[in-house]
Amino acid sequence: MKRNRLHIIGIVLLAGIWSSCGKDPRKPGRIYMPDMTYSQAYETYAPNPNFKDGQTARMPVEGTIPRGALPPEVLPEGAHKSYLFKKYYSPHPDDYERAGVELSNPLPLTDEVLAEGKRIYTTYCQVCHGEKGDGQGSIVTSGAYPPVNPYSTLLKDKPEGKMFYSITYGRNLMGSYASQLTPDERWKVIYYIQKLSGMGRFAASPAAATSQTN
């Protein structure tokens, strides 16, 4: 009985292999699992009868933030706007000013955040702004690029929201880095830039500044 069962199984397997194989690559033989062979998903721009407008590509749900962003419940009030920046702020001077008022760095300031900010700065910013933020980057000192003001002048008393805006949309001779850096990465490099220039949360308190001058 057992031998007969194995014999039948062998015949079925041989028949399956024989019917599924062929020398002509355009005729792959019988397909036993078509759902695995041919995708049932709709192409991005193909018509889709499941929606009233017939479109497959859909806009994100209102309030959606990108994967990897901080969840809304741990963000300071209004900080979600930095993750949906271009939804709330246009490349217009009025929105540059508004971002400076409304946005501040939502990330906790830690050694790890600063270390990542330094890595990002070294990769994307140092070539122009210099290792110390003095505007003496390699493409400036070589004469290939116009002089860049040091951060101590360029960013004096500049709010974090304006810095974020400049990295996102570009400012003056600097282009946009929105495609290279995620919102979190932009905030991390802002921390490091502030540390280089002694700004923001790294600014000396009035009492400390007074003691240093005495």
Side-chain angles (χ1 to χ4, degrees), residues 65-70 79 81-206 208-214:
I65 61 174
R67 181 185 296 274
L70 292 174
K81 291 182 178 179
S82 61
Y83 296 101
L84 299 167
F85 192 80
K86 293 187 177 182
K87 174 180 174 65
Y88 291 98
Y89 303 97
S90 67
H92 187 277
D94 289 347
D95 279 356
Y96 174 70
E97 297 298 328
R98 189 163 61 87
V101 174
E102 296 179 352
L103 291 182
S104 60
N105 203 325
L107 300 183
L109 179 56
T110 64
D111 291 341
E112 290 76 13
V113 165
L114 275 178
E116 180 65 7
K118 181 178 181 179
R119 184 194 67 78
I120 296 166
Y121 180 88
T122 302
T123 302
Y124 294 100
C125 313
Q126 185 171 306
V127 66
C128 288
H129 294 282
E131 182 180 0
K132 299 179 180 179
D134 54 6
Q136 297 299 302
S138 58
I139 65 172
V140 173
T141 56
S142 68
Y145 199 78
V148 177
N149 287 327
Y151 283 141
S152 56
T153 301
L154 186 65
L155 302 178
K156 185 177 181 180
D157 301 323
K158 181 162 290 189
E160 294 172 334
K162 287 187 176 181
M163 296 171 68
F164 190 91
Y165 183 104
S166 298
I167 296 173
T168 302
Y169 277 121
R171 187 78 174 166
N172 300 323
L173 293 178
M174 186 181 82
S176 167
Y177 281 82
S179 62
Q180 293 96 323
L181 302 177
T182 67
D184 278 356
E185 289 172 333
R186 281 171 249 170
W187 285 125
K188 289 175 182 178
V189 77
I190 285 172
Y191 268 146
Y192 185 71
I193 289 170
Q194 288 178 324
K195 182 180 181 182
L196 281 180
S197 55
M199 291 173 45
R201 305 181 201 195
F202 300 91
S205 64
T210 301
S211 65
Q212 289 176 5
T213 57
N214 292 335

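Residue numbers count from 1 along this sequence. Computed from a predicted structure; not experimentally measured.
Val189 is not listed as a side-chain neighbour of Tyr177, based on a closest heavy-atom distance of 4.5 Å or more. Counting only heavy atoms from C-beta outward, the side chains of Arg201 and Tyr191 approach each other to under 4.5 Å. Side chains of Tyr83 and Thr182 form no contact here, defined as non-hydrogen atoms less than 4.5 Å apart. Using a 4.5 Å cut-off on side-chain heavy atoms (C-beta onward), Phe85 and Pro183 make no contact.
Closest approach of Ile139 and Ser142 over heavy atoms only: O-OG, 3.3 Å. When all heavy atoms are compared, the tightest approach of Gly200 to Gln194 is CA-NE2, 3.8 Å. Of all heavy-atom pairs between Ser152 and Ser197, the closest is N-CB, 4.5 Å.
No donor-acceptor contact under 3.5 angstrom links the side chains of Glu185 and Gln180, judged on distance only. With no hydrogens or angles considered, no side-chain donor-acceptor pair links Tyr88 and Glu102 at under 3.5 Å.
Remark: the backbone N or O of Tyr89 is paired with a side-chain donor or acceptor of Tyr169 at under 3.5 angstrom. Asn149 contributes no side-chain N or O that, together with a main-chain N or O of Leu154, makes up a donor-acceptor pair within less than 3.5 Å. For the pair Asn105 (side chain) and Leu107 (backbone), a donor-acceptor distance under 3.5 Å is present.
The side-chain tip of Arg171 points at the ring of Tyr96 from less than 6.0 angstrom away and within 45° of straight on.
Between Lys162 atom NZ and Glu97 atom CD the span is 3.5 Å, to the nearest 0.5 Å. If you take CD1 on Ile193 and OH on Tyr151, they are separated by 4.0 Å, rounding to the nearest 0.5 Å. For the atom pair Trp187 CH2 and Ser104 OG, the distance stands at 6.5 Å (nearest 0.5 Å). The CG atom of Leu181 sits 6.0 Å away from atom CD1 of Ile120, with the distance rounded to the nearest 0.5 Å.
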Which donor-acceptor pairs under 3.5 Å do the side chains of residues 121-130 make with protein atoms, sequence neighbours left out?
from, atom 1, to, atom 2, distance (Å)
Tyr121, OH, Gly130, O, 2.5
Thr122, OG1, Lys118, O, 2.8
Thr123, OG1, Arg119, O, 2.9

Carefully, step by step, assess Lys87 and Lys81 under the rule side chain to side chain contact (heavy atoms under 4.5 Å, CB included). CA-CA 8 Å; Lys87 174 180 174 65; Lys81 291 182 178 179; over 6 Å; no

| said: If you apply the rule side chain to side chain contact (heavy atoms under 4.5 Å, CB included), what do you find for Asp95 with Arg98, and how did you get there? | reply: CA-CA 5 Å; Asp95 279 356; Arg98 189 163 61 87; 3.2 Å; yes

